[in-house]
Each structure stands twice: as C-alpha cells, then as structure tokens.
Amino acid sequence: MADRRIGIVMNGVTGRMGMNQHLIRSIAAIRQEGGVRLANGDRLMPDPILVGRNREKLEALARAHNIVRVTTDIEAALADPQDEIFFDAAATALRAGLIRRAIAAGKHIYCEKPSAENLQDALDLARRASQAGVKNGIVQDKLFLPGLRKLKMVIDSGFLGRILSVRGEFGYWVFEGDLQPAQRPSWNYRKADGGGIILDMLPHWRYVLDNLFGEVESVSCLGATHIPRRIAEDGTPYEADADDAAYCTFRLAGGIIAQVNSSWTTRVRRDDLVTFHVDGTQGSAVAGLTTCRTQARVNTPKPVWNPDIPQPIDFFSAWEEVPDTEPYPNGFRMQWEMFLKHVAGERDDYPWNLLSGARGVQLAEAALQSWNERRWIDLPKLEA
C-alpha cells in the first residue's frame, strides 16, 4: 500500500456550504480518517489549498482543520502544477469565469451547482472541459441522501409498479432579518448577484427527477417574490428582487407528472424540509432527507368522503418505514470520494459531470421563461 497525494484548489470555503459540507464534513473528514482507499489498497490523500479574499478567515479554518496552505491569490493557485483539481463553491455569478480559467490551466473541475447563470455558459464549460480532456464533476448531493437512496431502492425493486406521479415539497421560512437574523445570505435574494430560488433549486430537481423517475421533457412554472424587502447582514434594508418561491409542474418521460413547490416563505408542517411523494399502480412512497415510507396497494385504506363526521382513519399508521440497510455517510463526502477516485483513474463512469450540470441550468432557464411567458416550455436534449 502507498499514500498518493492529490492537490485541490478550494475556492469559496468561507461560505456556508463550502465550509460546512465541502471542507469540514468532506475533505477535512477524509484527511482525518486517512484518505480515500483505492481498489489496489493505496490511500489517496487530499492536500487542499484554501482560497478566498479574507486571509484571516482562511487561516483560522486551516488551523482548525490541520490544513497548511492558504492563499488570497487565485491566479497563483491556478498556475501551480502540484494541484490537480479546482473546486468552487463561491458566488454563482463568478463561477463560469473561474472555471474557464481553471480549465485553461489544465485543472480537473469540481464545483457547486449551478455551474453557470445561463445555459449558454453552462454548455460552454462542459464543452471546454471535454475538449481540454480534463475530468469534471458537479455537486448533485440530493442523490446521496439516505431518504432518496432508500426511495431509489424501492423504485428499482418494482414495489411501486408503474409510476404515475411525483409531488415534491421543499422549503422553510427564511427570516427577513428584522425579527430574527436571516439564515441564508442576502445575495440569495438579489438578481444582480445570481440570487433566486429557481436558479438555486431547479438544478437540484432536474437531477433528482432525471435519475429517479424519468427525464424531464417540459416545464410550467410560476415564480414569485413574496417578500420584497429584507435586512442584510450589516443591518441595512435592501430590495429583495429575486424570486423566493417557485411552483412548478413537469412532464417526465413515460407520461409521469411531477409537481414541485420550492419556497423560502413557507412554514413547515411535513416530515422534513424536503419530501417527495411518489404514487404508482402497485404502491406509494414518501421520502425525506433520511427516511422513506411505503404503502402497498393491498394495504391502502379505503376512505369514504363524509364531511359530517371526524375522519375515522389514521392515514399515517398505514405506512411502513424502509429500514436502514447500510451505513449512510454524508452525501457531499460520498460524491467527493467518487470524484477523487475518478480523477485517480479508478472509475471511468462519472455521470455527474458539467454536461449534467448544464441540464440543471437548462431547466432553471426554461422555468424562468415559462414564468415570464406564462406557458409550457419543452426541453430539448443537450449534447456537449
């Protein structure tokens, strides 16, 4: 067995997602546990350099997680041949430009979604990476959630029969910043900074729908800016002109109908912050972040409409929970380990690439067009 170093330029790790999910729970955790084990017994050890604008924050993060390299000079980091991978989790509006520079520098690419603010740029990145021969991936973390992995097993088993429809509910109340501090950054609510729930969440729903139920063929979307004024991190009010809710219907391959509501202006009364309810001819399933419950055709209650008496059926009791059948590590970490193995040459099949990311941007762009034009928008197949 041998230890193999792999250098990673990590940009945007002082932000919420970059720090918590990608640095602390993924790369730092992998390092702490001795690296990623390859099929031949070797250990692949990530060696990150943390990149950002605030050196003090970078150095504090590095000290806390036994990382020795930080820099505020992204050009120098991209020019250093000892680092093979460029990762970005910073502002969406800057991502496409940074990835182009990283591809030109010969780096393999791994990034948060969306890969770009528009489809033209997203496709350009996928094509540049392909032409340059660099390996590339985009975060599609929802696929690795325990609840959705259990749901995928239920679907693959044939338990549901022919899938008829999918209903997704995502969201929670994001405080405006006056009564309580907001739990999301203010740029999420400004169009000029790449904000908006459609661009943020529709790329997620694209890969979830495509991979679990059927490829998205068309979309009808109504967006909204329900709260037009919020309070920024420094206490000053600002105009929140980006969409904070989206109400979407999708037509999927095979005639499946999906409806997904996404909202930062809703109060939660469901099993989890996101749930997917799937109905099929032989059964149904409801999955959240960690759990999945099923109901078979033969166990389905037979209600009768009678508004004159209290409902006698306890509908929740007729659902069975899918048990944990294996360990479920952090989904971000799982995908990081797969990508690192991909770069190391251990696995050639890596479907979660920049072209897949472009499909997510395609759906977000089509949803915005649908909202603007008040009509259904078809999604043609994309090729790199």
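Only a predicted model underlies this, so the values are computations on that prediction, with no experimental measurement involved.
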Open item on the list: The test is side chain to side chain donor-acceptor pair (under 3.5 Å); show your working for Asp73 and Thr71 and say whether it passes.
Closed with: CA-CA 5 Å; Asp73 188 345; Thr71 184; 5.5 Å; no

- [ ] Please test Asp80 against Gln82 for side chain to side chain donor-acceptor pair (under 3.5 Å), starting from the C-alpha separation and ending with a verdict.
- [x] CA-CA 6 Å; Asp80 193 336; Gln82 73 170 322; 3.0 Å; yes

Open item on the list: One pair to check against salt bridge (Lys or Arg N to Asp or Glu O under 4.0 Å): Asp83 and Arg5. What are the steps and the verdict?
Closed with: CA-CA 10 Å; Asp83 294 314; Arg5 174 196 174 276; 3.1 Å; yes

- [ ] Quick one: do Glu326 and Arg149 satisfy salt bridge (Lys or Arg N to Asp or Glu O under 4.0 Å)? Show the steps, please.
- [x] CA-CA 10 Å; Glu326 58 181 298; Arg149 290 174 65 190; 2.8 Å; yes

- [ ] Dump the intermediate steps for salt bridge (Lys or Arg N to Asp or Glu O under 4.0 Å) on Asp141 and Lys113, then the final yes or no.
- [x] CA-CA 10 Å; Asp141 58 288; Lys113 43 84 356 232; over 6 Å; no

TODO: Decide side chain to side chain donor-acceptor pair (under 3.5 Å) for Gln21 and Arg16; before the verdict, give the C-alpha distance in whole Å, the side-chain angles of both, and the deciding distance to 0.1 Å.
DONE: CA-CA 8 Å; Gln21 296 292 2; Arg16 178 176 58 94; over 6 Å; no

TODO: Test Phe276 against Trp205 for ring-ring contact (aromatic ring centres under 6.0 Å, His included), laying out the working first.
DONE: CA-CA 11 Å; Phe276 289 93; Trp205 307 150; 5.6 Å; yes

Open item on the list: Set out, in order, the CA-CA distance, both residues' side-chain angles and the distance that settles ring-ring contact (aromatic ring centres under 6.0 Å, His included) for Phe87 and His22, then state yes or no.
Closed with: CA-CA 10 Å; Phe87 168 75; His22 294 288; 4.6 Å; yes

Show which side-chain atoms of residues 160-172 pair as donor or acceptor with protein atoms under 3.5 Å away, not counting sequence neighbours.
{"residue": "Glu169", "atom": "OE2", "partner": "Asn261", "partner atom": "ND2", "Å": "3.0"}
{"residue": "Tyr172", "atom": "OH", "partner": "Arg184", "partner atom": "NH1", "Å": "3.1"}

Which atom pairs, one a donor and one an acceptor, fall under 3.5 Å between side chains of residues 217-228 and the rest of the protein, sequence neighbours left out?
{"residue": "Ser218", "atom": "OG", "partner": "Arg251", "partner atom": "NE", "Å": "2.9"}
{"residue": "Ser218", "atom": "OG", "partner": "Arg251", "partner atom": "NH2", "Å": "3.4"}
{"residue": "Thr225", "atom": "OG1", "partner": "Ala242", "partner atom": "O", "Å": "3.2"}
{"residue": "His226", "atom": "NE2", "partner": "Tyr247", "partner atom": "OH", "Å": "2.9"}

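Here Arg95 pairs with Asp88 in a salt bridge; the nearest charged N to carboxylate O distance falls below 4.0 Å. Taking the charged nitrogens against the carboxylate oxygens, Glu239 and Arg190 have no contact shorter than 4.0 Å, which rules out a salt bridge. Asp271 has a carboxylate O that lies under 4.0 Å from a charged side-chain N of Arg293, or vice versa, which qualifies the two as a salt bridge. Ionic pairing of Arg69 and Asp47 is present here: one or more N-O contacts between side-chain nitrogen and carboxylate oxygen are shorter than 4.0 angstrom. Between Glu75 and Arg101 there is a salt bridge, with a side-chain nitrogen of the basic residue lying less than 4.0 Å from a carboxylate oxygen of the acidic one. Ionic pairing of Lys341 and Glu337 is not present here: no N-O contact between side-chain nitrogen and carboxylate oxygen is shorter than 4.0 angstrom. The residues Asp42 and Arg37 are annotated as not salt-bridged, no charged nitrogen and carboxylate oxygen being separated by less than 4.0 angstrom. Salt bridge absent: Lys191 and Asp243 never bring a charged side-chain N and a carboxylate O closer than 4.0 Å.
Rounding to the nearest 0.5 Å places CD of Gln295 at 4.0 Å from OG1 of Thr300. Taking NZ of Lys107 as the start and CD1 of Ile99 as the end, the distance is 14.5 Å to the nearest 0.5 Å. The CG atom of Leu143 sits 10.0 Å away from atom NE2 of His204, with the distance rounded to the nearest 0.5 Å. Between the CD1 atom in Ile138 and the CG atom in Asn353 there is a gap of 9.0 Å [rounded to 0.5 Å]. Put simply, CG on Asp3 and CG on Leu44 are 9.5 Å apart, with the number rounded to the nearest 0.5 Å. Asp210 CG to Leu252 CG: the interatomic distance, rounded to the nearest 0.5 Å, is 8.0 Å.
The ring pair (Phe, Tyr, Trp, His ring centres under 6.0 Å) test with Phe144 singles out one residue from Tyr328, Trp336, Trp352, and that residue is Trp352.
There is a path of hydrophobic side-chain contacts, each under 4.5 Å, that joins Val274 to Val139. Residues Leu368 and Trp264 fall within the same hydrophobic cluster, defined by Ile, Leu, Val, Met, Phe, Trp and Tyr side chains chained together at heavy-atom separations under 4.5 Å. Residues Val70 and Ile85 share a single hydrophobic cluster, defined by chaining ILVMFWY side chains whose heavy atoms lie under 4.5 Å apart. Under a hydrophobic-cluster definition in which Ile, Leu, Val, Met, Phe, Trp and Tyr are linked whenever side-chain heavy atoms come within less than 4.5 Å, directly or via other members, Met45 and Ile6 are assigned to different clusters. No path of Ile, Leu, Val, Met, Phe, Trp and Tyr side chains, each step under 4.5 Å between heavy atoms, connects Leu354 with Tyr350, placing them in separate hydrophobic clusters.
Looking only at atom types and distance, the side chain of Asn54 has no donor-acceptor partner in the side chain of Glu56 under 3.5 Å away. A donor-acceptor pair shorter than 3.5 Å can be found between the side chains of Glu233 and Ser186.
Although no hydrogens or angles enter the test, the distance criterion places a donor-acceptor pair under 3.5 Å between the side chain of Asn211 and the main chain of Tyr207. Gln311 contributes a side-chain N or O that, together with a main-chain N or O of Ile313, makes up a donor-acceptor pair within less than 3.5 Å. Within the 3.5 Å criterion, the main-chain N or O of Leu289 finds a donor-acceptor partner in the side chain of Asp272. In this structure, the side chain of Asn118 engages the main chain of Gln120 through a donor-acceptor pair within 3.5 Å. Of the possible polar contacts, none joining the Thr266 side chain to the Ser263 backbone as a donor-acceptor pair under 3.5 Å is found. The backbone N or O of His342 sits nowhere less than 3.5 Å from a side-chain atom of Arg347 that would complete a donor-acceptor pair. Between the side chain of Gln335 and the backbone N or O of Gln140, at least one donor-acceptor pair lies under 3.5 Å. The backbone N or O of Val154 sits less than 3.5 Å from a side-chain atom of Ser157, completing a donor-acceptor pair. Here the side chain of Arg128 pairs no donor or acceptor atom with the backbone of Gln131 at under 3.5 angstrom. A donor-acceptor pair is defined here as one N or O able to donate and one able to accept, closer than 3.5 Å; no such pair exists between the side chain of His108 and the backbone of Glu84.
Taking all atoms of both residues into account, the shortest heavy-atom contact from Arg100 to Leu125 is CG-CD2, 3.6 Å. Residue Leu119 comes nearest to Ala358 through the heavy atom pair CD1-O, 3.5 Å, listed as atom of the first residue, atom of the second, then distance. Of all heavy-atom pairs between Pro48 and Ile27, the closest is CG-CG2, 4.0 Å. Of all heavy-atom pairs between Gly52 and Leu58, the closest is N-CD1, 3.4 Å. Summarising the geometry of Ala287 relative to Leu148, their closest heavy-atom pair is CB-CD2, 4.1 Å, with the distance given to 0.1 Å. Between Arg333 and Ala29 the shortest heavy-atom distance is NH1-CB, 3.7 Å.
The side-chain heavy atoms of Leu340 and Met338, taken from C-beta on, include no pair separated by under 4.5 Å. For the pair Ile155 and Phe213, the minimum side-chain heavy-atom distance is below 4.5 Å. Contact annotation: the side chain of Tyr189 approaches that of Val174 to within less than 4.5 Å [non-hydrogen atoms, C-beta and beyond].
Around CZ of Arg375, the count of heavy atoms belonging to other residues, nucleotides or ligands within 6.0 Å exceeds 12. Other residues, nucleotides and ligands place more than 12 heavy atoms under 6.0 Å from the CZ atom of Arg270.
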